[in-house]
Amino acid sequence: MIIFNTIKWKNFLSTGNQFTEIELDKNQSTLIQGSNGAGKSTILDALCFVLFNKPFRKINKPQLVNSINEKDCVVQVEFTIGGVVWNVVRGIKPNKFEIYKNDVLVDQTAAAIDQQKWLEQNVLKMNYKSFTQVVILGSSTFVPFMQLTPAYRREVIEDILDIQIFSTMNLLLKDRLRQTEEQKKECSYELKSAEEKVKMQEEYIRNSQTTNDGVILTKQKEIAKIEEEIFDLQKQINMLEVENLDIDAYTSEFDNVSKQIRKLHELNFKITHNLTDAKKNIGFFHDNDTCPTCTQTIQKEYKDRKISDLQSKSEQYLDALAKMKDQLEDLDKQYTHLQDRRDIKKSNTSKLFHLSNIINRNENSIESLKNEINRLSDSPDIAKMQGKLEAYQEEFKDLEEKCSAVNKLKLEYEVVANLLKDSGIKARVIKKYIPVINTRINKHLTSMDFYVNFTLDEEFNEVIKSRYRDVFSYSSFSEGEKQKIDLALLFTWREIANMKNSVSTNLLLLDEVFDSSLDSSATEDLLKILKSIDKSTNVFVISHKGDILTDKFHTNIKFEKVSDFSKIVSSADNDI
């Protein structure tokens with residue numbers, strides 16, 4: 001289990017040149033409050049940046065440096081794993097990435113990207129996706145589990161269940177299987193060549209005992225036949241090389257198409273979000289005649305104009321989504337076509353290697369035949385030829401044993417490959433945990449008075465049913481109901497992680513969850529859940545509702561902007 005102890009930062013976002021430090025393991029619950037822009041959510045970006053080299057929110061790395069001081073941006077975090085104290089220090093201007101184990105600097109000879117990979121795989125045992133699904137919830141830029149693609153959902157679950165090692169093993173096994181396949185082909189060629197040597201030597205001995213002229217003529221014909229075969233093989237090589245050059249001319253578009261697809265998906269998400277907001281605002285103006293904030297009457301002309309504008313925007317969003325769908329379909333076709341061309345080139349490269357080997361073997365055979373012809377021109381030495389035959393036979397026997405071992409190894413790799421597929425060992429592990437996961441999710445939903453039957457299948461697709469109602473999807477619920485589902489999933493992943501001791505941690509961060517779509521009843525339910533969490537968990541809640549929530553938490557931390565810099569202006573403990 002990872003016990004996060006402290007985090008501190010300076011010249012990070014709106015923070016000045018003095019370190020802002022927060023103890024992460026001091027109290028069971030902490031409320032971080034402050035007005036908009038005061039810097040209360042900076043802890044999320046600081047934590048993700050120092051651990052994974054990217055902020056939690058969508059902020060470019062150069063923008064993380066305080067815009068006034070413009071240098072010496074540093075974030076430090078201390079955490080404990082199994083009695084070992086780790087310190088990670090990361091900075092910008094100058095760039096810095098240091099890892100300390102019990103105050104001893106870990107060897108930095110490796111590249112920063114390799115150090116980051118080592119930190120995630122060997123120390124944290126989790127990546128950015130699994131960390132943000134288990135530790136953090138609530139930011140507007142955060143993508144909840146239910147909005148991830150099935151592939152990304154599987155990646156998060158594999159991290160939580162600690163079975164991502166099987167995916168790594170499968171990748172390594174594919175390389176070994178490919179190498180073994182090449183070894184099998186090479187072995188078959190060598191075995192065939194050795195068999196031909198034995199037959200040729202046997203024939204040579206027989207012919208040498210009678211007359212050499214006929215044998216010489218036969219070998220000359222074999223040379224001519226092999227040379228013709230080499231000519232045909234060279235033609236095939238030339239054709240494959242030309243085809244590869246043609247493919248290279250097109251596959252340069254692959255990265256551009258991939259980039260366009262990613263951008264369109266991001267734009268699709270933003271437009272969908274805007275469409276949802278527009279529909280919500282239309283509903284507001286339809287249902288309200290009085291402003292809930294200032295209590296003034298909303299004029300009908302203003303309402304009609306706003307509704308008309310919002311409906312017009314909704315139509316524009318829908319039209320844009322439809323066009324974007326067509327664009328994505330076209331790009332997907334281009335992507336598939338380019339990928340097919342790349343696969344063809346990969347296959348051609350393997351064929352070129354294979355054909356080159358055949359040509360080399362044939363050239364060696366020609367050289368051997370010429371040598372045999374030269375020897376046949378002299379008087380035959382039967383005893384010497386018999387000794388050579390025995391050597392060829394021994395070589396053939398050794399190759400038979402080698403090929404048998406390669407074939408056996410290939411069969412073993414194929415068996416292991418079937419076990420390491422998504423439908424193999426991982427599927428059995430996931431199948432075992434799916435009922436537990438669903439039970440925990442529904443337990444938390446019920447505790448928040450959200451009475452639905454939520455089920456994830458083994459492909460991580462959701463089925464949501466409500467009594468006396470039809471089947472629903474996640475997107476069909478209101479924002480408040482979605483928030484409850486996201487909370488239920490977060491608590492479930494933490495419980496499963498604790499069961500597996502995979503990505504287990506003491507830290508839980510809820511960013512403006514109480515300020516979003518939860519009603520008063522759901523807010524009280526959430527507070528009850530937070531109070532019932534294991535006392536080893538340190539909960540941090542970031543909220544605007546300081547006046548309502550202050551007495552609900554053990555510690556209250558308040559951020560304010562002082563002379564354009566974010567600072568902690570007060571930190572007090574409550575007796576609850």
Side-chain angles (χ1 to χ4, degrees), residues 2 4-24 30-79 87-99 112 116 119-120 124 126-144 266 486 490 505 507-513 515-516 538-544 557-562 564-568:
I2 304 175
F4 286 96
N5 307 120
T6 61
I7 184 171
K8 60 181 182 178
W9 62 88
K10 68 175 182 177
N11 291 316
F12 185 80
L13 293 176
S14 60
T15 308
N17 200 34
Q18 300 297 319
F19 271 113
T20 297
E21 182 171 354
I22 295 180
E23 295 180 72
L24 301 176
T30 301
L31 175 66
I32 299 177
Q33 55 181 306
S35 59
N36 285 330
K40 59 184 181 301
S41 296
T42 304
I43 186 174
L44 305 176
D45 297 306
L47 188 60
C48 290
F49 171 69
V50 72
L51 293 177
F52 302 103
N53 198 28
K54 59 181 177 180
F56 181 68
R57 293 175 289 184
K58 292 182 179 179
I59 305 172
N60 294 329
K61 282 184 64 176
Q63 295 176 326
L64 295 177
V65 185
N66 180 271
S67 59
I68 297 176
N69 294 331
E70 296 184 340
K71 64 178 181 177
D72 200 21
C73 171
V74 179
V75 182
Q76 301 180 28
V77 66
E78 177 185 297
F79 55 90
N87 279 278
V88 180
V89 182
R90 200 184 298 268
I92 308 175
K93 290 187 177 183
N95 288 330
K96 180 187 294 187
F97 181 30
E98 298 172 346
I99 303 173
Q116 182 64 39
L119 175 64
E120 294 181 15
L124 297 173
M126 57 179 157
N127 58 25
Y128 177 83
K129 288 190 183 71
S130 56
F131 180 81
T132 53
Q133 290 294 327
V134 172
V135 178
I136 304 174
L137 179 71
S139 174
S140 59
T141 60
F142 165 69
V143 181
E266 292 173 359
D486 295 340
L490 173 66
T505 173
L507 196 57
L508 174 58
L509 296 164
L510 301 180
D511 181 24
E512 299 186 1
V513 171
D515 306 345
S516 57
N538 301 103
V539 181
F540 284 78
V541 172
I542 300 169
S543 177
H544 296 299
I557 298 175
K558 187 174 182 180
F559 278 84
E560 283 186 7
K561 276 282 187 71
V562 179
D564 292 327
F565 292 109
S566 294
K567 292 184 178 180
I568 296 177

J.: How long is the span from the CZ atom in Phe52 to the CG atom in Asn127, to the nearest 0.5 Å?
T.: 7.0 Å
J.: Do side-chain atoms of Ser566 reach the backbone of Thr15 as a donor and acceptor pair under 3.5 angstrom?
T.: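 No, the answer is negative, given that no donor and acceptor are paired below the 3.5 Å cut-off.
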J.: Assess the residue pair Phe49 and Trp9 against the criterion (side-chain contact (heavy atoms from CB on, under 4.5 Å)); give the C-alpha distance rounded to whole Å, side-chain angles, the decisive distance to 0.1 Å, and a yes or no.
T.: CA-CA 11 Å; Phe49 171 69; Trp9 62 88; over 6 Å; no
J.: Closest approach of Lys561 and Ala38, non-hydrogen atoms and distance?
T.: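 Where Lys561 meets Ala38 most closely, the heavy atoms are CG-CA, 4.2 Å.
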J.: Could you go through the side-chain contact (heavy atoms from CB on, under 4.5 Å) check for Val541 and Val539 one step at a time?
T.: CA-CA 7 Å; Val541 172; Val539 181; 4.0 Å; yes
J.: With a 3.5 Å distance limit and no angle check, can you tell me whether Thr505 reaches the backbone of Ile2 through a side-chain donor-acceptor pair?
T.: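 Such a contact is found between Thr505 side chain and Ile2 backbone.
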J.: Side chains of Asn17 and Asn69 only: does a donor on one sit below 3.5 Å from an acceptor on the other?
T.: no
J.: To the nearest 0.5 Å, tell me how far Leu508 CG sits from Asn538 CG.
T.: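 Reported to 0.5 Å precision, the distance equals 9.5 Å.
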J.: Between atom CD1 of Ile7 and atom CG of Leu47, what is the distance when rounded to the nearest 0.5 Å?
T.: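 Rounded to the nearest 0.5 Å, the CD1-CG separation comes to 4.5 Å.
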J.: Taking Gln116 for its side chain and Leu51 for its backbone only, find out whether a donor-acceptor pair lies under 3.5 Å.
T.: yes
J.: Just how far is it from atom CD1 of Ile92 to atom CG of Asp72, taken to the nearest 0.5 Å?
T.: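 Between Ile92 CD1 and Asp72 CG, I get 11.5 Å after rounding to 0.5 Å.
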J.: Looking only at non-hydrogen atoms, find the nearest pair between Val65 and Cys73 and report the distance.
T.: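 Heavy atoms of Val65 and Cys73 come nearest at CG2-CB, 4.1 Å.
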J.: For Lys567, does the NZ atom have more than 12 heavy-atom neighbours from other residues, nucleotides or ligands under 6.0 Å away?
T.: no
J.: Would you mind checking if Lys96 and Glu98 are paired as a salt bridge, meaning a charged N to carboxylate O distance below 4.0 Å?
T.: no
J.: To the nearest 0.5 Å, what is the distance between NZ (Lys8) and CD (Glu23)?
T.: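 Spacing of NZ (Lys8) from CD (Glu23) equals 12.0 Å.
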J.: Going through the distances and angles, do Leu13 and Arg57 end up as a side-chain contact (heavy atoms from CB on, under 4.5 Å)?
T.: CA-CA 12 Å; Leu13 293 176; Arg57 293 175 289 184; 3.7 Å; yes
J.: What class does the angle between the rings of Phe79 and Phe4 fall in, given that below 30° is parallel, 30 to 60° is tilted and above 60° is perpendicular?
T.: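 Tilted, since the angle between the ring planes falls between 30° and 60°.
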J.: Does a sphere of radius 6.0 Å around CD in Gln18 hold more than 12 heavy atoms from other residues, nucleotides or ligands, not counting ones at 6.0 Å or beyond?
T.: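 Counting other residues, nucleotides and ligands, CD of Gln18 stays at 12 neighbours or fewer.
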J.: Using distance alone, with no hydrogens and no angle criterion, decide if Asn66 and Lys10 have a side-chain donor and acceptor under 3.5 Å apart.
T.: no
J.: Can you tell me how far the OG1 atom of Thr42 sits from the CZ atom of Phe56, to the nearest 0.5 Å?
T.: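 Between Thr42 OG1 and Phe56 CZ, I get 13.0 Å after rounding to 0.5 Å.
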J.: Verify, without hydrogens or angle tests, whether Lys40 (side chain) and Gly34 (backbone) share a donor-acceptor contact under 3.5 angstrom.
T.: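 Yes.
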